[in-house]
Amino acid sequence: MSVTIRRIPDSARRDVAFAALTLALFLAVTLAFPGFATPRSVAGLLDDTAILIMLALGQMLVIMGRGIDLSVAANLALCGMMAALFNRAWPGMGVTPVLALSMIAGGLLGAGNGLLVWKLRLPPIVVTLGTMSIYRGAIYLLSRGAWVNENQMSREFLAFPRGQFLGVSVLSWISLAVAAAFIFAMQRSKTARDLYAAGGNPEAANYSGIDPGRMQFLAYTICGAIAGLCGYLWVARFAVAYTDIALGFELSVIAACLIGGVAISGGAGTASGVVLGCLFIGIIRSSLPLVGISVFWQMFINGAVILVAVLLSARQRQFKRTILEARA
Amino acid sequence: MKATSLMRWETMLAAVLIAAFIAFSILSPYFLNVDTLSDATFNFTERAIVALPLALLIIAGEIDISVAAIIALASVAMGLASAQEVGTAGLVAIGLGTGLSAGCVNGALVTIGRVPSIVATIGTMTLFRGAAYAVLGDRVLKDYPDSFAIFGQGYLVGPISIELALFTLFAILFGVFLHRTRWGRVTFAVGANPVASRYSGIAVNRYRFALFALTGLFSGVAAVLLTSRLGSTRPSIAQGWELEIISMVILGGVSVWGGKGSILGVVLAALVFGLTTFGLGLMNIPGIVLSIFTGLLLILVVAVPALVNRR
């Protein structure tokens, strides 16, 4: 006789609505251009969005803990350069040490941000603006300003992310695995719940035995490790490493998070929302040439989507807090 | 207490500036030359002109990431107008008008739309820069009238460029505004405690809106100067400047939590920035190496007070 009413959280409702919107967009493009839904075209779309998905998921953790990481793109570029130089020096060692090196280096760079934010309570935006400059400068010192080109990379190094399995690239599989792990962990793990709590209300979290600073540190470290991994993948995919790779990409990653429904005020956001946000951007990007609109419109459309998304979510939120006021 | 620690930061910046000046005069024989130093000012004047209103905005507890995109948008607007045979005065009006309108869009999003400023301006940054790309694509606009070159390439007296003169004038105006007028005190109050400010009868939102509009207008000024100096417009113009300008402001000792800062600090930071970039360039050290120094200084400026306050 009992009737159970399960309240659906706003975030889940938003995700469902956004998924419907993304699917509708995909179907609309497919109806007009049947070639859009071919397995090959979908695999290409996934391959193009894979790195954005991973970086946005890492950034999501940081933003959720009331931080921001402007250094992800510089971290990616630095780790990518390290991976390329390591491979040039020891081409025979294969891909495994390169993967380990780039992830560990990225994780350490992220942990550096995290420590400054946690232990010294420095404003995240200033810390990561600073480390962004430092990492970019470090790439130059490391490479002495030179490019590492395709012919200086070993065959395994280049082939790894491009390998195909079931018609989808290894790069896409890695991204799918990361996405699946995030979607699962964000719903099920205690650490993720602690992060939600720490970002939603740092003081209350502190009283319940969660150290919000430690959660921020963890978020920065994971975000950094992902950026490091993406560094190798980026360099191998585009077959070149130089000082300016992924310049300005940090803002695209943050934009993808905002489209995916991550609140800049912390404590709110879902992994599935972020993945959908990235796919949404990806679908628009790959359908523009089909529809006959110049690819140069991509950025403008992204901007309009961000503004619509944040205006809608600002209306729902009661408390307004800028990142500048963030004192976790 | 706060005033003294702030003074200490400015003194330190001044010391860094003097040290850099002496070091470069010793290290490079080409440094101590009026014409060379005059050239060096072009390294920072345009950015520093945007840093002034941005300093007010950050002191008031807000931020604007879209400044560089506004420069691009205003430059594209001027380029398109110039292709329609609009004269120099008209071009300047269009550049400033575009900047002002873009600033008003930011202001409206933050005050009426209640969107946090960092999010709103990341959105408009993408939108404005996107509009510049959408309109221009990979084209370049470069049919500017000859008289338009005066703003970015002209000199007022001797080695003092019009850009430098304008920056000096604006720096004095902003300094007086922030430190000597009622509105300056309002800026600090709004940044230190917006809620208390509202209860003390300050129209906080109207004031925020005005600051965003002002920042937009000055991005328009920078657009006029930069476009005039380069004589051409690409959609990628001023790419990445937003973070450099914000670094300049924070390096100047403006607190990112709002409520603290001075125009003198921002001016000194701009000079340090311009001088070191130029000096390293003379010694064939690329600017990217300087960014390590800037980054460390940026973290230091927030870390030192944090470490001191711990004791």
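The chains referred to below are lettered A, B, ... by the order of the sequence lines, with proteins before strands, and numbering in each begins at 1. The shown structure was predicted, so the numbers you read here are calculated from the model rather than taken from an experiment.
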Gap separating the CE atom of B/Met125 from the CD1 atom of A/Ile306, nearest 0.5 angstrom: 7.0 Å

Structural part of A/Ile293 lying under 4.5 Å from a heavy atom of chain B: neither

Close side-chain approach of B/Ile299 and A/Ile134, heavy atoms under 4.5 Å: yes

Closest non-hydrogen atom pair, A/Arg121 against B/Trp257: O-CZ2, 4.2 Å

Per-residue contact mode, B/Ser255 against chain A (heavy atom under 4.5 angstrom): neither

Residue pair A/Phe296 / B/Leu136, side-chain heavy-atom distance below 4.5 Å: no

Interchain contact, B/Leu243 with chain A, by part (heavy-atom threshold 4.5 Å): both

Residue, of A/Leu258, A/Val127, A/Asp244, that accumulates the most heavy atom pairs under 4.5 Å with chain B: A/Leu258

With A/Phe300, the side chain to side chain contact (heavy atoms under 4.5 Å, CB included) member among B/Leu127, B/Thr126, B/Val135: B/Leu127

Residue part contacting chain B, namely of A/Leu129, when any heavy atom lies under 4.5 Å: both

A/Asp48: side-chain hydrogen bond (donor to acceptor under 3.5 Å, both in side chains) partners, not counting sequence neighbours: A/Arg237

Any A/Ile254 side-chain heavy atom under 4.5 Å of B/Ile118 side chain: no

Nearest heavy atoms of B/Ala303 and A/Leu122, plus distance in Å: CA-CD2, 3.7 Å

Over all atoms of both residues, closest heavy-atom pair of A/Ile264 and B/Pro116: CG2-CG, 3.7 Å

Part of B/Gln239 lying under 4.5 Å from any heavy atom of chain A: neither

Toward chain B, the part of A/Ile139 with a non-hydrogen atom under 4.5 Å: neither

B/Arg234, CZ atom: more than 12 neighbouring heavy atoms under 6.0 Å: no

Check: B/Ser291 side chain, A/Ser133 main-chain N or O, donor-acceptor pair, under 3.5 Å: yes

From CA spacing to verdict: side-chain contact (heavy atoms from CB on, under 4.5 Å), B/Ile292, A/Leu141: CA-CA 10 Å; B/Ile292 297 183; A/Leu141 291 184; 3.4 Å; yes

Where B/Glu242 and A/Leu251 come nearest, the two heavy atoms and their spacing: OE2-CD1, 4.3 Å

Chain B contact via A/Thr243 - side chain, backbone, both or neither, heavy atoms under 4.5 Å: side chain

Chain B contact via A/Thr131 - side chain, backbone, both or neither, heavy atoms under 4.5 Å: both

Heavy-atom side-chain contact between B/Ile63 and A/Ile125 under 4.5 Å: yes

Interchain contact, B/Ala120 with chain A, by part (heavy-atom threshold 4.5 Å): backbone

